[in-house]
Structure formats: C-alpha cells, structure tokens
Amino acid sequence: MAPKRRAQKSETEAPAKKANSEATRRSTRSSSKKTNTDLDHASTQVEDTIKPKKNPRKRANESSTKTQDAKPIPDTITADLSEGRSYWLMKAEPESRLEKGKDVKFSIDDLVAVEKEPWDGVRNPTARNNMRAMKKGEKAFFYHSNCKIPGIAGIIEIEDEHSVDESAFDPKHPYYDEKSSRDNPKWSLVHVKFLKKLEKLISLKELQKFYQPGEKLANMQVLRMSRLSVSKVSKQEWEFVCRELARIDPETLESIE
DNA sequence: GCCAACGTTGGC
DNA sequence: GCCAACGTTGGC
C-alpha cells in the first residue's frame, strides 16, 4: 500500500496497496482535484500532530492571520515560509499481507518502479492531518514496518499535495470507510515519488538508541507514537538521520534537498 | 465531556 | 502469537 497503514476499524480499511496500486493510482489521479471539503480542512490540522488527542481543530490559519494582520504579508515572508520546510516519515509494509483478499505489500523497491504513488489508506486522523500539512517538494523517510527488520529504508518526495482519498468510498476496497462519502470526505492522501534508497536500512533499534533525554532523537514523533503511520520529523532529526546514521554524503544530500 | 470497554497497531 | 500503547466508541 502505499499506505500504507492499517486502518483503525475492523478490517474495513486495511491498507492494501500494491496489488491495486495501478488501478488506485489511476482512479485517484483522475479524481484528484481537491474538493472544497478537503481544502477546507487543510489548514486545520497541523496541531493535531503535537497533541494527538481528540479533536484539536482550531484553525491554524486564523490565529496566525490574526497575529499578523497588523501588516500585510510581504513576499519575503512567503519565501521564508516556503523554506520552512517540514520533513516527514511514512510507513508502509514491505512484506506480503492480505487484507480483504488483497496484498498490502509496498516497499521502497515497489516505489522505484512507479512514477508516483498515491499514499492512500491512511485511516488515522493524526496521520491524515500530517499529510494535509505536507507541501509539494517536501521530503519524507520511507519506513518499513510490520516486518522482520523495521526501519527507515529510503527517502521520498511529496509530489502532489493532499486530495481526497477515494479508496474510502468503495465498499470492496480494503480501506473502505462507510463514514466517508463524496459529499463529506473524511480521508486524504498525497502522492509521493521515489528519491533514494538507503544503502543500508536504519533499523528501529538503531533509531531507538537515540531516543533518550538529551539525545538527537529524544522527541521524534514516530518513536513517541509508535503506531502513527505518518509522522513529522524535525529538521534536526532529519539531518541527524541523513548525515550520522544514513551517512549520506553532503553532495548527495544537497542534490536531494 | 468523561471514561471504561474495546479494537488496532506493530514491535518483539 | 503476545501484549503494550493508544485510538475509538458509546453510555452516562
């Protein structure tokens, strides 16, 4: 799956990607114009990420607009914002597993083979909100989960910002969610593309070594909330993992920035 | 809006 | 297969 993730309910939604990624990709693409509903919520959620609790739903935009409206926003700020890139981590299952009869396997190697992939099937609000906050061009770690050696396998890029996840509308789809409808879509997806496969996977065990007070990954969201399938990665965490753990040389790193 | 019961995720 | 962590549900 691109998804990548198991859904929360019953088997209603599992992540199945793969087998149908072709079909899914096609269908999502044709329908990927964002609906208003999807857009409406777009700015809404970033904060869930911080406190994944019930429903934070305040509007990030409103407050920021308010604090800034003394002055119009100059272009330079807009530019700065675009440089204030976020980084992410997205989980997928690299080993075969059937969900509603469909294989949900999706690994970094599967991503290499396609032009871009709709990351559908995410059925957790916090994970979805993280996706809605993603901007085109931002980078994410591709994480292998629910497998022999879980860990970061590669780097991917957000190719298309969020749109409605239509897989939720199809009763036969592994990620079907009866509570989501075209009139009132509940789930979103982003399209990602392959950037780089790490020479050596950075295992969860390795990451956990730095998940301690004072250490470089002491606050990493995926370590704190191990069940979250789409999580935020700080710039410091990103650089530490890329440079110190993945040992990606500066040139290569620069080329993908 | 609280919270107990229940279901899911995902490492082990 | 176990089970800890945590999200969801639904009664109140």
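In what follows, every heavy atom counts, from backbone to side chain, and hydrogens, waters and symmetry copies are set aside. Within every chain, numbering begins at 1; the chains are lettered A, B, ... in the order of the sequence lines, protein sequences first and strands thereafter. Note that the structure is a prediction, hence the values are computed from the model and not measured.
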| Pair listing, salt bridge (charged side-chain N to carboxylate O under 4.0 Å, His left out) test, anchored in residues 246-257 of chain A, at least two apart |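 As it turns out, there is no salt bridge (charged side-chain N to carboxylate O under 4.0 Å, His left out) pair with a partner in residues 246-257 of chain A once direct neighbours are skipped.
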| Taking atom types as modelled, is there a side-chain donor on A:Lys135 or A:Ser86 under 3.5 Å from an acceptor on the other? | no
| request: Taking only Lys NZ, Arg NE, NH1 and NH2, and the carboxylate oxygens of Asp or Glu, determine whether A:Glu161 and A:Lys136 approach each other closer than 4.0 Å. | output: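 Looking at A:Lys136 together with A:Glu161, the answer is no, because their closest N to O distance does not fall below 4.0 Å.
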| query | If only side-chain N and O atoms of A:Tyr211 are considered, is one of them under 4.0 Å from the OP1 or OP2 phosphate oxygen of B:dG11? | reply | no
| Taking only N and O in the side chain of A:Lys148, is any of them less than 4.0 Å away from OP1 or OP2 of B:dG10? |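 Checking B:dG10 against A:Lys148, no side-chain N or O comes under 4.0 Å of OP1 or OP2.
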Separation of [X] atom [atom1] from [N] atom [atom2], in whole Å?
| X | N | atom1 | atom2 | result |
| --- | --- | --- | --- | --- |
| A:Glu178 | C:dT8 | CD | P | 15 Å |
| A:Arg224 | C:dC6 | CZ | P | 10 Å |
| A:Glu206 | B:dG11 | CD | P | 16 Å |
| A:Asn146 | C:dA4 | CG | P | 18 Å |
| A:Glu95 | B:dC12 | CD | P | 14 Å |
| A:Arg97 | B:dT8 | CZ | P | 12 Å |
| A:Leu223 | B:dG10 | CG | C1' | 13 Å |
| A:Asn124 | B:dG7 | CG | P | 18 Å |

Could you please name the option among [options] that lies closest to any side-chain atom of [X]?
| X | options | value |
| --- | --- | --- |
| A:Leu204 | B:dG11, C:dG7, B:dG10 | B:dG11 |
| A:Arg227 | B:dC12, C:dT8, C:dA5 | C:dA5 |
| A:Pro150 | C:dG7, B:dG11, B:dG10 | B:dG11 |

| Looking at A:Phe169 versus A:Tyr176, is the centre-to-centre ring distance below 6.0 Å? | no
